[in-house]
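In what follows, every chain begins at residue 1, and chains take the letters A, B, ... in the order their sequences are listed.
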Amino acid sequence: MKIATYNVNGITSRLPRLLEWLEEARPDIACLQELKTSDETFPGAAIEAAGYRAIWHGQKGFNGVAVLVRGGEVTERRRGLPGDPDDTHSRYLEAAAHGVVVASIYLPNGNPQPGPKFDYKLKWFERLIEHAATLVGSDQPVLLVGDYNVVPTDSVEDIYSPASWRRDALLQPESREAWRRLVGQGWTDALHRLHDGTPTYTFWDYFRNRFARDAGLRIDHLLLNAPAAARLSAAGVDRTVRGRDKPSDHAPTWALLD
DNA sequence: ATGCCTGTCTGGGACAGA
């Protein structure tokens with residue numbers, strides 16, 4: 001079973017790229033982020049015509065997450081994280097499908113830092129950590145996948161060069177400490193676990209020729225609890241999708257469970 | 001040193017993204 005995450009950076013303009021990738025990669029479950037569209041304008045008919053059932057949590061102009069499932073039912077378990085009823089951002093959608101629990105996560109970017117946006121990022125991260133603690137011990141496979149907006153380390157596995165990103169919210173010690181605390185609950189970072197020595201970037205900025213130079217960051221992650229990790233057989237990044245016409249700045253990232 | 005591109009909403013320019 002293939003489970004993928006893809007920050008589409010606007011599903012309306014990205015629909016051709018998305019449909020093309022779904023057809024090629026045929027993920028059984030695909031979690032999307034940055035829909036940038038409302039619930040009413042989500043292209044549900046096109047997704048269904050491509051062979052996927054879907055649930056989504058949209059927001060006009062910003063954010064927005066979805067879970068797409070091929071060849072089975074999808075049941076919504078949770079829409080939004082607990083812990084702040086005043087949070088209006090669409091950033092968390094949790095579902096059950098194909099015998100696993102999966103969450104599509106769009107963690108706040110947090111720039112500029114310091115500032116209120118960075119504070120929001122850290123608070124949202126704490127809410128995720130609290131909720132994840134209730135899932136990690138499940139006997140059922142659980143996968144928390146999405147755009148975490150955290151570069152875990154300065155390693156070349158995670159970033160081409162940390163120097164110019166040093167003050168960015170994605171590399172801050174507070175962001176990385178929260179990431180380590182989350183993973184430390186007992187989650188397996190699938191891409192890192194199966195890292196073969198080559199960089200596993202998932203994002204390349206649109207400007208400065210960053211993709212052609214492979215000047216990327218690893219910020220899209222798949223976290224697996226123990227029952228899911230026991231079945232993990234492969235993981236990767238569909239980099240060619242990033243090199244196509246009118247791409248998202250992220251590439252689809254996936255894991256295979258036996 | 002710097003949103004240098006891109007998408008969205010809108011109707012031209014601001015805002016957000018990372």
Side-chain angles (χ1 to χ4, degrees), chain A residues 5-19 21 32-43 46 56-66 87-92 104-122 124-125 128 145-155 157-176 178-179 191 199-221 237 239 241-253:
Chain A
T5 178
Y6 184 20
N7 178 322
V8 294
N9 190 16
I11 195 167
T12 305
S13 59
R14 206 68 57 222
L15 193 57
R17 288 287 83 79
L18 173 64
L19 295 175
W21 168 73
L32 309 181
Q33 302 86 35
E34 274 208 90
L35 303 177
K36 293 188 172 182
T37 200
S38 63
D39 282 340
E40 294 74 24
T41 48
F42 181 87
W56 58 89
H57 189 197
Q59 184 175 343
K60 189 177 184 179
F62 309 103
N63 307 319
V65 285
D87 186 1
T88 57
H89 293 204
S90 300
R91 297 182 176 276
Y92 186 91
S104 182
I105 291 169
Y106 180 43
L107 205 132
N109 169 292
N111 280 307
Q113 76 78 34
K117 291 190 174 182
F118 191 59
D119 296 340
Y120 174 66
K121 175 179 194 156
L122 297 180
W124 201 94
F125 220 142
L128 177 61
V145 311
D147 178 0
Y148 279 80
N149 274 315
V150 176
V151 176
T153 72
D154 282 352
S155 149
E157 175 192 353
D158 293 341
I159 185 168
Y160 66 104
S161 166
S164 58
W165 294 84
R166 188 55 71 199
R167 294 199 307 274
D168 194 282
L170 279 60
L171 275 71
Q172 290 315 296
E174 296 94 331
S175 307
R176 287 173 162 176
W179 165 258
L191 218 50
T200 48
Y201 306 144
T202 67
F203 163 87
W204 299 260
D205 243 326
Y206 285 123
F207 51 89
R208 285 184 166 168
N209 212 20
R210 286 262 168 85
F211 183 63
R213 293 165 44 216
D214 196 20
L217 312 180
R218 189 170 78 94
I219 55 176
D220 300 273
H221 306 300
V237 182
R239 298 171 56 108
V241 175
R242 176 63 180 82
R244 289 175 178 163
D245 188 47
K246 289 282 187 182
S248 169
D249 39 7
H250 297 250
T253 305

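Within the nucleic acid shown, Asn9(A) comes within 4.0 Å of sugar-phosphate atoms alone, with no base atom in reach, counting heavy atoms only. Note on Asp220(A): nothing from the nucleic acid sits closer than 4.0 angstrom, heavy atoms only. Heavy atoms of Thr12(A) sit under 4.0 angstrom from primed sugar atoms or phosphate atoms, though from no base atom.
Across dA1(B) and dC15(B), the matching P atoms stand 25 Å from one another, rounded to whole Å.
Residues Ser248(A) and Asn9(A) share a closest heavy-atom pair of OG-CB, 3.7 Å.
Scanning for salt bridge (Lys or Arg N to Asp or Glu O under 4.0 Å) contacts around Asp154(A) gives Arg166(A), Arg176(A), with sequence neighbours left out.
Rounded to an integer number of Å, the gap from CZ of Phe42(A) to P of dT8(B) is 13 Å.
Remark: the Asp205(A) side chain and the dG3(B) base include a donor-acceptor N/O pair separated by less than 3.5 Å.
Taking 4.0 angstrom as the limit, Lys117(A) places a side-chain polar atom (N or O) nearer than this to OP1 or OP2 of dA16(B). Put simply, Lys246(A) has a side-chain N or O that comes within less than 4.0 Å of OP1 or OP2 on dG7(B).
Closest to the side chain of Phe207(A), out of dG3(B), dT8(B), dT6(B), is dG3(B). Nearest to the side chain of Lys60(A), among dC5(B), dT8(B), dC9(B), sits dC9(B).
dG13(B) and dC9(B) make up a base pair, with Watson-Crick or G-U wobble contacts both under 3.5 Å.
Along DNA chain B, the nucleotide nearest to Phe203(A) and the one nearest to Arg167(A) differ in position, and the one closer to the 5' end is contacted by Arg167(A).
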